[in-house]
> 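Dropping a structure here in structure tokens format, bear with me for questions.
Quick note on labels: first sequence line is chain A, next is B, and so on, each numbered from 1.
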2 protein chains.
Amino acid sequence: MAAHAGVSRQTVSNALNAPQRLTAPTLARVRAAIDELGYVPDEAARALTSRRTRLIGIHIGPTAHSHASTPEPLLAEFVRAAARHGFRLVVLGSFGDDAGQIAAFDDVWRRRAVDGVILTDTHTDDARPAWLRERGVPFAAFGRPWGAPDSPHPWIDVDGHGGAWLAVDHLASSGHSRIAFLGWGHDEAGGDDRERGWLEAMTTRGLDARPHAHASGDTVVAGAERAAELLERWRPTAVVCASDTLAAGVVRAADRRGIAVGSDLAVTGYDDSPLARLTHPELTSLTQPFAAVADFLVDHVVMASGIEVPDPPPRTRVAEPTLVVRGSTGGVRAGALSF
Amino acid sequence: MAAHAGVSRQTVSNALNAPQRLTAPTLARVRAAIDELGYVPDEAARALTSRRTRLIGIHIGPTAHSHASTPEPLLAEFVRAAARHGFRLVVLGSFGDDAGQIAAFDDVWRRRAVDGVILTDTHTDDARPAWLRERGVPFAAFGRPWGAPDSPHPWIDVDGHGGAWLAVDHLASSGHSRIAFLGWGHDEAGGDDRERGWLEAMTTRGLDARPHAHASGDTVVAGAERAAELLERWRPTAVVCASDTLAAGVVRAADRRGIAVGSDLAVTGYDDSPLARLTHPELTSLTQPFAAVADFLVDHVVMASGIEVPDPPPRTRVAEPTLVVRGSTGGVRAGALSF
DNA sequence: CTGAAAGCGCTTACAG
DNA sequence: CTGAAAGCGCTTACAG
């Protein structure tokens, strides 16, 4: 390779890692040779000498704290975002609790098998951030540090409050005023935040913010049960739900009563999961900005591992979801309204 | 580390990589020191010298050829199966076509960033196996080599034919005889195989195998449309579907006509996707043996990369799905019947 | 059965 | 601005 370009091995390395050190003609010559020979450096050798694997670890699958895991579209965005910096993703497995995840982090970190990790599904009393900080593992979290707002690590979260507000806005501007809320009960993570958004949007508009209920869990069956009572008692013309699952429950409950979703009753979901397109009519819902989330998290891990990134993100960020209008709110034309 | 155990560095290496070379007492002493110090070898150094990364590449996300991607539960099984051999998984991104995937394989292989790859979603005129074979990349495929049955690479597939047969068996033994089939039209991959299973099971039992229909696509809406015709024309007491999506369509069509699924009409899905638990009643379906699939594929890649595995699998295998009985076939008690 | 030597393929200081 | 040297932390032959 070096011989082919008529330069030394170090010059090739410089062309790849510190192009500013070479004169333009030399660089051009070396690059031409690189292209011609299809040369790419051996990752293991590069990792050994540079003390950098260009690998980021992440867990997948449901955790002990939430039904929400790393959905595949988000994983795909992580891969894309990492590739911008020449990084790849390593899947660390699916473990039910913090201790299991920490054990996996410990293993890969001591082997120097990754440059950092991404945390998802943060929760109250999360043991992971403190552990990672102590060990000096570069990391960033999807989800705010519930119960520890001053935690110094980088994180990004999606605005549940703002999303619910968007849903109320959409419904109110379509003429609805009896807008109920269905959540899945109290936890400190996402659910409450979404309920507060509904509450404030209603109050701000001077609408009756009493019609609300909590399902016994985030399932279709639990949602349908509670929806039946909610519909019976308050006769709402619209229901804002804290999840697509609960919204599907509302659709089922309405179907059973002969209430036509989309015309007699408007329903909004949340998360824009695959389920949102499986009900009839399809659910108006709130999409999470996965691409922005992935860029943010990857950039932070890459930065923390000692590499400069073009457009450094702030330490924390609350990103806005997007309302996707479908048939469940009478949307004739499907479209996206931005916040 | 070596000093702590009073042996040389090579003896530590032997204890880790070739324990049979050491005498029992030496091995015990070295292992004690390893545990005490929590020593684990640096992966980059190990990879450089052993020419082995212990990393396996895989694509995620939908492809150009199928709506079916690598579902998260399968990915989790891959991680578990790989860990048995000290391997990890690298996500190569989500690309729409063979060419995109091949480009990604080419990149990681030339960088020596993986020891091999796992292929999913095989299809007719699949360009990937031949490319990988030419380059000498260790690989194994989930899905038989459609259109090229004599392809010499290792593969595992799930028996669609046998699964449909299981469904018919289950229904017939519950007293059904007017059992219809709903598929998604002709393709050479999974769909036809499942239809043939229904056809043969029906014919073998001397039942009328005419009532069948093909939806215009594998969606709930398309399924509901075709189901309406099917129900109208043949008045079946049971419908075997080629997917959970189509089965959900049948449930919807039945609901609209006031036909009670589970008592008036039995419905079976296929794949046991999350959707199977979202309909009402929940769908009897066929579960894919993901753990066995993952073990098989990982073992083959590990073997092909030059490492012996305890219980070497055959080159090809057709694994049997398992019938999971739920409310849609009147299952009072949910349970699993093995093939 | 155990140890001293060589080397995996790069990058990182450091001379020229 | 470019090149010769050293070394990253292991494992793999090969001597003893």
Side-chain angles (χ1 to χ4, degrees), chain A residues 1-34 37-55 85-88 107-115 305-308, chain B residues 1-34 37-55 85-88 107-115 305-308:
Chain A
M1 165 62 223
H4 189 273
V7 296
S8 73
R9 182 195 295 174
Q10 307 72 279
T11 306
V12 176
S13 182
N14 282 335
L16 255 25
N17 303 301
Q20 74 285 359
R21 287 198 192 163
L22 272 46
T23 53
T26 307
L27 184 57
R29 193 155 41 92
V30 176
R31 284 193 168 156
I34 286 175
L37 272 58
Y39 170 79
V40 284
D42 178 295
E43 283 291 338
R46 197 207 268 254
L48 179 58
T49 198
S50 68
R51 309 279 60 202
R52 202 165 273 144
T53 62
R54 305 203 295 184
L55 252 22
H85 304 295
F87 276 63
R88 276 179 281 273
D107 183 64
V108 292
W109 185 246
R110 281 174 29 208
R111 292 182 193 283
R112 297 181 185 268
V114 299
D115 290 344
S305 80
I307 294 175
E308 279 184 47
Chain B
M1 166 61 223
H4 190 273
V7 296
S8 73
R9 182 194 296 172
Q10 305 73 278
T11 305
V12 176
S13 182
N14 281 336
L16 256 25
N17 303 301
Q20 73 286 358
R21 286 199 194 162
L22 271 47
T23 54
T26 308
L27 183 56
R29 193 155 43 91
V30 175
R31 282 192 169 157
I34 286 174
L37 272 59
Y39 170 80
V40 283
D42 180 296
E43 283 291 339
R46 198 208 268 256
L48 179 57
T49 198
S50 68
R51 308 278 62 203
R52 201 166 273 144
T53 61
R54 305 203 295 182
L55 253 22
H85 305 294
F87 276 64
R88 276 179 281 274
D107 182 64
V108 291
W109 183 246
R110 280 173 31 206
R111 292 181 191 282
R112 296 180 185 266
V114 298
D115 291 343
S305 80
I307 294 175
E308 278 184 46

> Compare the minimum distances between each of C:dT2, D:dT11, C:dT12 and the side chain of B:Pro41, then state the nucleotide with the smallest one.
D:dT11
> Do the side-chain N or O atoms of A:Thr26 get closer than 4.0 angstrom to the phosphate oxygens (OP1, OP2) of D:dT2?
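Yes, within the criterion.
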> To the nearest Å, how far apart are B:Asp42 CG and D:dC8 C1'?
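So the two atoms are 8 Å apart, to the nearest Å.
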> Counting only side-chain N and O atoms of A:Tyr39, is one of them less than 4.0 Å from OP1 or OP2 of C:dG9?
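For C:dG9, OP1/OP2 do not have a side-chain N/O of A:Tyr39 under 4.0 Å.
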> Could you give the CZ-to-P distance, from A:Arg54 to C:dC10, as a whole number of Å?
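Interatomic distance, CZ of A:Arg54 to P of C:dC10: 12 Å.
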> Between A:Leu48 and B:Ala44, which heavy-atom pair has the shortest distance, and what is it?
N-CB, 3.7 Å
> Quick one: are A:Ile307 and A:Arg52 in side-chain contact, heavy atoms under 4.5 Å?
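They are in side-chain contact.
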> Report yes if some heavy atom in the side chain of A:Arg51 is under 4.5 Å from a heavy atom in the side chain of B:Asp42; otherwise report no.
yes
> Would you classify B:Arg51 as touching base, sugar-phosphate or nothing, given that sugar-phosphate means primed atoms plus P, OP1 and OP2, and contacts are heavy atoms under 4.0 Å?
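Contact class for B:Arg51: sugar-phosphate only.
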> Please report the distance, rounded to the nearest Å, between CZ in A:Arg111 and P in D:dG9.
16 Å
> Between D:dG9, C:dT11, D:dT11, spot the one nearest the side chain of B:Arg46, thanks.
D:dT11
> In whole angstroms, how far is the P atom of C:dG9 from the CZ atom of B:Arg112?
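Checked: the CZ to P distance equals 6 Å.
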> Nearest nucleotide by nearest heavy atom, which residue falls closer to the 5' end of DNA chain C, B:Leu27 or B:Leu48?
B:Leu27
> On DNA chain C, compare the nucleotides closest to A:Thr49 and B:Thr23; which residue's is nearer the 5' end?
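It is B:Thr23, whose closest nucleotide lies nearer the 5' terminus.
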> Nearest whole angstrom, please: distance from the C1' of C:dC10 to the CZ of A:Arg52.
14 Å
> Could you tell me the separation between the CZ atom of A:Arg29 and the C1' atom of D:dT2, rounded to a whole number of Å?
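One finds 11 Å between C1' of D:dT2 and CZ of A:Arg29, rounded.
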> Decide yes or no for B:Arg29 and B:Thr26: does some side-chain heavy atom of the first lie under 4.5 Å from some side-chain heavy atom of the second?
yes
> If we call it a pair only when both distances are under 3.5 Å in a Watson-Crick or G-U wobble match, what pairs with D:dA13?
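Paired with D:dA13, as far as the under-3.5 Å criterion goes, is no nucleotide at all.
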> Counting only Watson-Crick or G-U wobble pairs whose two distances fall under 3.5 Å, which nucleotide matches C:dA4?
none
> How close or far is atom P of C:dG9 from atom CZ of B:Arg110, stated in whole angstroms?
16 Å
> Give the intermediate values and the outcome of salt bridge (Lys or Arg N to Asp or Glu O under 4.0 Å) for residues B:Arg88 and B:Asp115.
CA-CA 10 Å; B:Arg88 276 179 281 274; B:Asp115 291 343; over 6 Å; no
